[in-house]
There are 4 protein chains.
Amino acid sequence: MGSTPQARRSDTRERIQKTALDLFVSRGYEKTSLREIAEELGVTKAALYYHFKTKEDILTAISEDLGRPVDELIAWAEEQPPTLDTRRELMTRYSAALKSAMPIYHILQENQATLRDLAVGRTLRNRVEAISRLMHTGDADFDTHIRVASALLTVHFGAFTLDRLGGTDEEKRQALLKVALETIGAPAGQSG
Amino acid sequence: MGSTPQARRSDTRERIQKTALDLFVSRGYEKTSLREIAEELGVTKAALYYHFKTKEDILTAISEDLGRPVDELIAWAEEQPPTLDTRRELMTRYSAALKSAMPIYHILQENQATLRDLAVGRTLRNRVEAISRLMHTGDADFDTHIRVASALLTVHFGAFTLDRLGGTDEEKRQALLKVALETIGAPAGQSG
Amino acid sequence: MGSTPQARRSDTRERIQKTALDLFVSRGYEKTSLREIAEELGVTKAALYYHFKTKEDILTAISEDLGRPVDELIAWAEEQPPTLDTRRELMTRYSAALKSAMPIYHILQENQATLRDLAVGRTLRNRVEAISRLMHTGDADFDTHIRVASALLTVHFGAFTLDRLGGTDEEKRQALLKVALETIGAPAGQSG
Amino acid sequence: MGSTPQARRSDTRERIQKTALDLFVSRGYEKTSLREIAEELGVTKAALYYHFKTKEDILTAISEDLGRPVDELIAWAEEQPPTLDTRRELMTRYSAALKSAMPIYHILQENQATLRDLAVGRTLRNRVEAISRLMHTGDADFDTHIRVASALLTVHFGAFTLDRLGGTDEEKRQALLKVALETIGAPAGQSG
DNA sequence: GATGAATGAGTTTTCATTCAT
DNA sequence: GATGAATGAAAACTCATTCAT
C-alpha cells in the first residue's frame, strides 16, 4: 500500500556508521554518546542496538570498512621481498591508502587512552604495527629503525599538523611522502 | 614498615599530582576518576578538592610544573634571530626539554579528544604550537614547512613508537634528534 | 492489594509530577532530592531522567499544568478595559484560579531564594507580576498601588496564615476575597 | 611594636554576622555556603567555627540581635488589655519595629522551606505567630480574624512587593500601615 | 525494523563539620 | 584567635545497555 518514505532494504546501518564516524572524529569516541548519534539520526538509541550489539561494534564496523585498503596493502606487502625498494613502494602505497583511511587513524590517534581497553583498539593498533613491522623487515639495524619510524610518523600524522599551511591536501601528502622517502634512504642503484 | 604515615604541613598536594600523573599516563585523563586517585592515595575524594578546585586543575598544575622547561625554551627562542642555526639549536634544546616534559605530551597526545574542551588542553596545544611557529619562522617556503613538520613529529612522537626497539631512551632520543636535524637541513657553512 | 503494579504506555511521567509536587510542597524544592522522589515512586533516579531532562524540568512541567488557569486569566485580563470594575472582576477570578494553582504559589513563596537562579522561578514570578501589573493598570495613583498590593497579598497568602482558624478553605477564601475587594474600593455606582 | 591592623578586642564575630546577613539576604540561607562567608571576610572556614558552633548559630545570633525590638514589643503587648485600640497601637509599633528587623523577615520568608527543619526557624516563626496571636486576642470573631490576617500581611510583606513603586521606603511603610489600620477597623469612638 | 521505558553503575562536585596545631 | 587538612554524606546528572512490545 503505497511506497515507504524509508529507503528500501534499510540503509540505516550505513547511516549509523556514517553519523557515528563524523561524531567520533569531531567530538571523540568516548565523548560521543549513543544518545547523540541517535538524535542526530532521528532514531532512538534502541534502534542502534538493533543494528549493532554495542557501541564498540559501531567503531569496529567503521574500522573494517575504512581500513580495508590498508589490510589489502598489508597482505600484499607480506608477499614481497624485504628490500629497500619494497620499503619505498610500501611507503608510497601506504601514503595513498591513508587518503581514505585517515578518519580512523585520526580517531585512533586522538582516543588512544580510551581505545586501550577496547578490542577494536587492538585491531587498529595491529594495523599500524603491521605496517611498521613490514617496513622494518629485513634488517635489525638501529639507525634504519629510527629512520623508518620518522618516515612513518611523517606520512601518518604530517597532515594533522599542517592545517594552517597553504596548498591542497594532495600537495601536502605528496610533499610529506617525498620527505619520508628521503628519510628512509635512496632507492637501489642510486648513490646516497 | 614503620615509615611516617602522614607528613605534617602536607605534601599531599604533590602526592596528588604525582599519583594523578601516573594514572593519567597509564589509564588516560577521562578514564581516571577522582575516586581512583583518592583510593590510590588513601585519602577521600573531598581531600582532592581541598587541594584542587577541579579535576582539570590537577592536570593544569601538572602541566605547569612539567612544562616549565619548554616554556623557558619558548621565551629563549623568541629572542633569537630566525636563522637555520637557531632552528637547529631550538630543535636540539627542544628534544632535551622533552625528556622531563614527555609525560604531559603523552597525555596530550592520547587524550586529544577529551582535552579539546578543556582550558588546559588549549594551554598544552599552545605550547606545541609556539614551538612549531618558532621553528617555522624566517621563511614561508613550502618545502621547509614540510621538513620542519616532519622533524618535529620525529622528536615529538618518535619515542612513543619505539617501545619495542632495544637501546636506552637516551640513545633513541639522540638518534631521533639526529634524523630530525638532517631533515631540516645542513647547518650553515656545510655543503648540502 | 492486587492492583496493577505497572501501567503500560507509562503514566510514570504524571506520577513523577504528582509525587514531586507533594514533596516540593512538604519539604521544599531544594531539600527534595531526586533520590527521594525516585524512592517514593519505586523507580530509579535514572527513570526520572528518562522523563525529565533536569530536576528543574519537573517543576517547570508542574508549573505549566497547574498555572494554566492563571495564564488564561492573564490572557483574558489583557483584553479588558482598565476600569475599577475590571479590577474587581480580576481579583475575584484570580482568587478562584488560585484554588487549584495554590501549590505552586506555595512552592514559589517558600523557595524564593532557590528559585531566584532558576528559569522556572522567573516564569512563576512573571505570572505573579503580570496579575499585579494588570491590577494596577489605568492609573499611577500612589494610594491605589498600595491598596492593590495589600489586596493581592490578602488573596495570595491569606490562606497560608489561617491554618489554625476554623471554617472550610472555601469560606476563608471567600472572606479574604471580600476584604481584598473592600480594600481596593467600592464598585462603580456605589457610594464609598 | 606598632599597632595591629586588626581592631582590638576582635570584632570578627560581628563582622561574620554582618557578612552572613548580607549573603543570607541576597543569596538565601541554604545557597550561602560557609566558604563564601569566609572568603568574603578573608578568613578561613575554621575561623567561623571558632566563633559559632554551627552555620545555624550564625543565623540565630543575627535573629536575636535584629529581632530584639520585636521581642520587646511582644513583651509589651502581653501586658496590654485586648482592645481594638491596643490592636491598632500594636500594629503601628510593629510596623515601626519591622524597619530594622526587616532583613530577618526577608530571610524567613524566602527560605521557609529550609528553615522548617531548623530551631532558628521555629524561633523566627514564633515571633511572627506571637504578634499574630496578640493581634487576634480578645475575640474569636471570624471576620476580625480575616481582617487582622490581611492587615498583618500588608505591613509584613507589603514592602517586598513595591520595589518598582516610587517614593521612599518610609513613605511606603506609612501608606501600608494606613491601609492595614483601615482594614482592622476604626479606632474606638469613631464611626465606622 | 524499531521504540518506550527503565536500570545500575558510575561521574564530578559541594557542603557542613572536625580537630590537631 | 585562628588555620590547614581532611572527612562523610549527599547531590545532580550521564551513560551504555536491556527488553517487552
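The figures that follow rest on heavy atoms only: side chains count, while hydrogens, waters and symmetry mates do not. Every chain is numbered from 1 and lettered A, B, ... according to where its sequence line falls, protein lines coming before strand lines.
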Checking B:R116 side chain against A:S26 main chain: does a donor-acceptor pair fall under 3.5 Å? yes
Where does DNA chain E form stems of at least three consecutive Watson-Crick or G-U wobble pairs, each pair having both distances below 3.5 Å? E:2-21 with F:2-21
Could you measure the distance from the CD1 atom of A:I107 to the CG atom of A:L21? Nearest 0.5 Å is fine. 5.0 Å
Do side-chain atoms of C:E30 reach the backbone of C:N111 as a donor and acceptor pair under 3.5 angstrom? no
Could you give the CG-to-C1' distance, from A:L48 to F:dC19, as a whole number of Å? 16 Å
Under-4.0 Å salt bridge between D:R35 and D:E39: yes
Applying side chain to side chain contact (heavy atoms under 4.5 Å, CB included) to B:T123 and B:T60, what does each step give before you reach the verdict? CA-CA 9 Å; B:T123 309; B:T60 304; over 6 Å; no
Whole-Å gap separating P (F:dA10) and CZ (C:R27): 12 Å
What is the distance from NE2 of C:H51 to P of E:dT7, rounded to the nearest Å? 9 Å
Specify the separation, in whole Å, of atom CZ of C:F52 and atom P of F:dA12. 15 Å
Name the residue closer to the 5' end of DNA chain E, choosing between A:V43 and C:A47 according to the nucleotide with the nearest heavy atom. A:V43
Provide, to the nearest angstrom, the distance between the CD atom belonging to A:E39 and the P atom belonging to F:dA16. 12 Å
Matching residue for D:R27 among D:E36, D:E40, D:E110 - test: salt bridge (charged side-chain N to carboxylate O under 4.0 Å, His left out): D:E36
In this structure, CG of C:L118 is separated from OH of C:Y29 (nearest 0.5 Å) by 5.0 Å
Select one nucleotide: of E:dA6, E:dT3, E:dT7, the one nearest the side-chain heavy atoms of A:T44. E:dT3
So, A:Q112 side chain and B:Q109 main chain: donor-acceptor pair closer than 3.5 Å or not? no
Between CG of B:L41 and C1' of F:dT7 the distance, given in whole Å, is 15 Å
Within this structure, what is the CG-to-C1' distance between A:D11 and E:dG1, rounded to whole angstrom? 12 Å
Can you check whether D:H51's main-chain N or O pairs, donor with acceptor, with D:R13's side chain at less than 3.5 Å? yes
Check the distance between E:dT21's P and D:Y50's OH and give it to me in whole angstrom. 18 Å
I want to verify a distance call: between F:dT7, F:dA5, E:dA2, whose nearest atom is closest to the A:T12 side chain? E:dA2
Per-nucleotide protein contact string for nucleotides 12-18 of chain E (B base, S sugar-phosphate only, - none; heavy atom under 4.0 Å): BBBBBBB
